[in-house]
Amino acid sequence: MTSAPIVVHRPSLSGGRRVTVHTSGRDEILGTAYSDHDLVVFLEGAGVAEPEAILDDPQWVEWRGGPAHDFSTP
């Protein structure tokens with residue numbers, strides 16, 4: 001794998017960050033997260049065990065277009 005399977009995209013102009021997971025050869029949108037709690041809920045729903053433990057692991061989660069854990073508007 002050349003990149004992390006979970007991507008937290010740049011903050012949108014209206015706030016929040018789109019979250020995608022790469023599985024079965026395609027990207028699936030999990031939703032828009034407005035906090036780490038939202039992100040954890042999405043990952044739990046996608047079947048990730050103990051998602052809190054991987055949020056800062058670059059092998060699992062790639063934070064794009066802004067600092068990790070920042071969900072505010074640009």
Side-chain angles (χ1 to χ4, degrees):
M1 184 176 308
T2 59
S3 65
I6 300 159
V7 176
V8 182
H9 296 268
R10 65 178 170 76
S12 71
L13 293 176
S14 59
R17 297 174 85 151
R18 186 169 42 110
V19 180
T20 58
V21 62
H22 188 80
T23 183
S24 302
R26 64 183 187 88
D27 290 331
E28 177 183 343
I29 298 171
L30 299 181
T32 301
Y34 294 90
S35 66
D36 280 350
H37 174 76
D38 292 345
L39 180 54
V40 165
V41 170
F42 293 151
L43 297 179
E44 286 174 339
V48 175
E50 299 184 41
E52 300 93 348
I54 66 164
L55 293 184
D56 293 312
D57 184 342
Q59 291 184 338
W60 282 100
V61 180
E62 178 183 350
W63 294 83
R64 291 186 184 167
H69 313 285
D70 182 0
F71 294 87
S72 60
T73 58

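The first residue of the sequence shown is numbered 1, and numbering continues consecutively from there.
- Sorted by first and then second residue, the pairs that involve residues 54-74 and meet salt bridge (charged side-chain N to carboxylate O under 4.0 Å, His left out), not counting sequence neighbours, are E62-R64.
- Scanning all heavy atoms of the two residues, the minimum distance from A4 to P58 falls at CB-O, 3.5 Å.
- Shown here are the side chain to side chain donor-acceptor pair (under 3.5 Å) partners of S12, two or more places apart in sequence or in another chain: S14.
- Hydrophobic cluster membership of V41, counting Ile, Leu, Val, Met, Phe, Trp and Tyr whose side-chain heavy atoms lie under 4.5 Å apart directly or via other members: none, as it forms a cluster of its own.
- We find the CZ-OG distance between R17 and S35 to be 12.0 Å, quoted to the nearest 0.5 Å.
- Within the structure, salt bridge (charged side-chain N to carboxylate O under 4.0 Å, His left out) contacts touching residues 21-47 (residues at least two apart or in different chains) do not occur.
- Taking all atoms of both residues into account, the shortest heavy-atom contact from P11 to G65 is CD-O, 3.6 Å.
- One finds the OG1 atom of T20 at 3.0 Å from the NE2 atom of H9 (value rounded to the nearest 0.5 Å).
- Summarising the hydrophobic clusters (Ile, Leu, Val, Met, Phe, Trp, Tyr; side-chain heavy atoms under 4.5 Å, direct or chained), the residues clustered with V21 are I6, V8, V19, L30, L39, V40, F42, L43, V48, I54, L55, W60, V61, W63, F71.
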